[in-house]
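Naming: A, B, ... by sequence-line order, numbering from 1 per chain. Everything quoted here is computed from the prediction, not taken from an experiment.
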Amino acid sequence: MNILQELEWRGLLMDCTDMPGLAKRLEKGPITLYCGFDPTADSLHVGNLVPLLTLRRFQLCGHLPIALAGGATGLIGDPSGKTTERQLLNRETLTGNIACVKNQLRRLLEFDRPGNPARLHDNADWFAPITFLDFLRDVGKYFTVNMMIAKESVRARMEDREVGISYTEFSYMLLQAYDFCHQCGAFDCELQIGGSDQWGNITAGIDLCRKKLNRQAYGLTVPLITNADGSKFGKSVAGAIWLDPAKTSVYRFYQFWIRTDDRDVIKLLKFFTFLPKEQIDDLAAQHAQKPEARAAHKALAREVTTLIHGEAALADAVRASEILFGGELTGVSEATFNDVAGEVPTKSLDATPLEGAGTPIGDLLVLSGLCQSKGQARKDVEGGGIYLNNTRVEGTHRNVTSADLLFGKHLLLRKGKRNYVVLSR
RNA sequence: GGUAGAAUACCCAAGUGGCCAACGGGGGCAGACUGUAAAUCUGCUGGCUCACGCCUUCGAAGGUUCGAAUCCUUCUUCUACCA
């Protein structure tokens, strides 16, 4: 299977500027390709993973991937897919973000692969020296405003009189076009990939390559993921699922994949894992036959967690999951419990009196952050959704005392099926 | 710049002097059922209180009134039409 067939089978081909042309070009040998990542936060999230893993798929097929960190474009903000003007990030935040993002990019591609090592670029490197006047003369001249306003994300914002679009964001596509053109000239980069919302930016780059360098370049987009239930992929109650374990614990990361909707699980296996076709077909068959075993979900969670966080972290997350979803805590050793405690959010009990009469359960629920207010805590207890040390709390008058401490120092609070907090002293 | 209209809780949206912490829908949370699924059904969805109740909230600030989301004044923002 060549790379295009591979992507096709995985459902990762959304659009291509010139599929036959690209296929022909790939037959001739390795291609250099790039994908950009703007440092909008101090970590990438699971949504960024699809194009990033696609870069890696190309690398595994012998091509030369470039991960581009948007040190310059991040200063501006891509209007694609946004319905409102974005808040500009200040430079300090951006500097921090870019360092974090670069680190993550480094971990997911092979930079010392013999023959086709990956590269990491930062577009600030080539944008910083350019003056505004140079840019207008050397890049701006190749674009008509007519075609720029035809771009979907721009047009939508222009038609919406309530929000509008600033000149800054309007110009974004020129920056990304120049990224492609520059890398095409300087590094022989002939292909750009990205999410389907990047189509306009990519084609702008291809135009610029042709006009300025007289070179043929290609663009390929991967689909944006949609959940079967219509919700936004990669978001949980607490927000995005980040790759940084400090922002999304490995346990939560693992759980995110485990809880994938049945209807999406096979698609996500194809998108997010490197498992070969036979294995995924096999998992699909198992899933169809015995969905309650959730073999596909487990494989998905295992693969992606290992990919991002490694074997050891995966093992911890799996163990914690087994304990937390396994029912009673009786018989769990302190060492095992400590594994669990390391995986779920933890709060200090130091300021809480537990001797004598102890503290009402409601106060602890508020302290833990599981409930917003004491009133909410009471309702949750009344609804039967609160568990202390995995035993359902009956009655709102329950007082928690030092007798409830596990191993003399921990309390395991739970709301609903899967919201855990460990309180420790 | 002129004229008309709008602003309600996470979102949409009803309410046009007391029965309003505010209908309904969405979303969210929880329960039942299950497979840590989907679908379905049930409860909850401003704060404090065991509770009677109290406090804060209907764009902002003032005012009228025994009593205001609701009436008046000013301001802010948005929308429509006109210039």
Side-chain angles (χ1 to χ4, degrees), chain A residues 83-85 157-164 226-233 235-241 248-269 283-302 304-305 314 316-329 340 343-345 357 359-388 390-399 412-421:
Chain A
T83 53
T84 54
E85 183 79 15
R157 291 268 294 273
M158 303 232 323
E159 281 168 4
D160 188 343
R161 298 181 52 172
E162 219 169 311
V163 288
T226 48
N227 286 344
D229 64 7
S231 59
K232 207 167 185 176
F233 175 80
K235 301 276 186 211
S236 72
V237 196
I241 302 294
T248 299
S249 74
V250 179
Y251 167 77
R252 281 225 304 126
F253 188 86
Y254 177 82
Q255 284 290 320
F256 167 77
W257 298 103
I258 280 284
R259 292 201 310 264
T260 299
D261 191 300
D262 279 21
R263 294 167 289 181
D264 293 324
V265 68
I266 300 302
K267 180 175 80 180
L268 297 192
L269 274 168
L283 285 166
Q286 287 184 46
H287 178 63
Q289 203 172 31
K290 224 178 153 205
E292 70 277 12
R294 299 194 338 280
H297 295 78
K298 286 176 186 162
L300 174 66
R302 192 174 57 233
V304 186
T305 307
L314 168 73
D316 290 344
V318 171
R319 202 173 319 128
S321 296
E322 281 168 358
I323 294 163
L324 293 177
F325 289 96
E328 300 259 336
L329 283 178
V340 174
E343 298 292 330
V344 304
T359 300
I361 184 83
D363 291 10
L364 290 176
L365 286 165
V366 175
L367 168 73
S368 69
L370 285 173
C371 300
Q372 292 255 309
S373 65
K374 288 191 208 171
Q376 188 59 48
R378 192 177 327 110
K379 286 168 189 162
D380 286 336
V381 171
E382 281 166 2
I386 299 297
Y387 297 77
L388 173 64
N390 260 5
T391 306
R392 180 179 276 178
V393 174
E394 311 282 354
T396 53
H397 298 292
R398 175 77 154 84
N399 266 28
L412 180 67
L413 276 180
R414 170 179 147 207
K415 184 178 83 153
K417 277 196 179 103
R418 53 187 180 238
N419 305 299
Y420 286 94
V421 171

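With B:A38, B:A32, B:U36 as the candidates, the nucleotide lying closest to the side chain of A:I258 is B:U36. Of all nucleotides listed (B:A37, B:U49, B:A32), B:A37 comes nearest to the side chain of A:D261. Taking every side-chain heavy atom of A:R294 into account, B:G35 is the closest of B:A37, B:A30, B:G35. Of all nucleotides listed (B:U36, B:U45, B:C29), B:C29 comes nearest to the side chain of A:N419.
Residue contacts for A:T396: at a heavy-atom cut-off of 4.0 Å it reaches no nucleic acid atom on any strand shown. Residue-level contact check: A:D262 touches the bases, meaning some heavy atom is under 4.0 Å from a base atom.
Sorted by first and then second residue, the side-chain hydrogen bond (donor to acceptor under 3.5 Å, both in side chains) pairs with a member in residues 359-374 of chain A form an empty list; sequence neighbours excluded.
Comparing the P positions of B:G24 and B:C44 gives an interatomic distance of 11 Å, to the nearest angstrom. Comparing the same atom, C1', in B:C72 and in B:C82 gives a spacing of 29 Å after rounding to whole Å.
In this structure B:A32 sits in a base pair with B:U40, meeting the Watson-Crick or G-U test at under 3.5 Å. Applying the Watson-Crick and G-U wobble criteria (two distances, each under 3.5 Å), B:G17 pairs with nothing in any strand. Pairing partner, B:C71: B:G63, with both Watson-Crick or wobble hydrogen-bond distances short of 3.5 Å. B:A6 is paired with B:U77 under the criterion used here, namely a Watson-Crick or G-U wobble arrangement in which both key atom distances are under 3.5 Å. Applying the Watson-Crick and G-U wobble criteria (two distances, each under 3.5 Å), B:U56 pairs with nothing in any strand. B:C23 makes up no base pair with any nucleotide shown, lacking Watson-Crick or G-U wobble contacts both under 3.5 Å. The base-pairing partner of B:A51, taking Watson-Crick or G-U wobble contacts with both distances under 3.5 Å, does not exist among the strands shown. When Watson-Crick and G-U wobble pairs are counted only if both distances are under 3.5 Å, B:G1 pairs with B:C82.
Judged by distance alone with a 3.5 Å cut-off, a donor-acceptor contact links the side chain of A:K417 to the base of B:U34. Between the side chain of A:Q255 and the base of B:U36, a donor-acceptor pair under 3.5 Å is found.
Using cut-offs of 30° and 60° on the angle between ring planes, the pair A:W257 and A:F233 is tilted.
The side-chain contact (heavy atoms from CB on, under 4.5 Å) test with A:L300 singles out one residue from A:L268, A:T305, A:I258, and that residue is A:L268.
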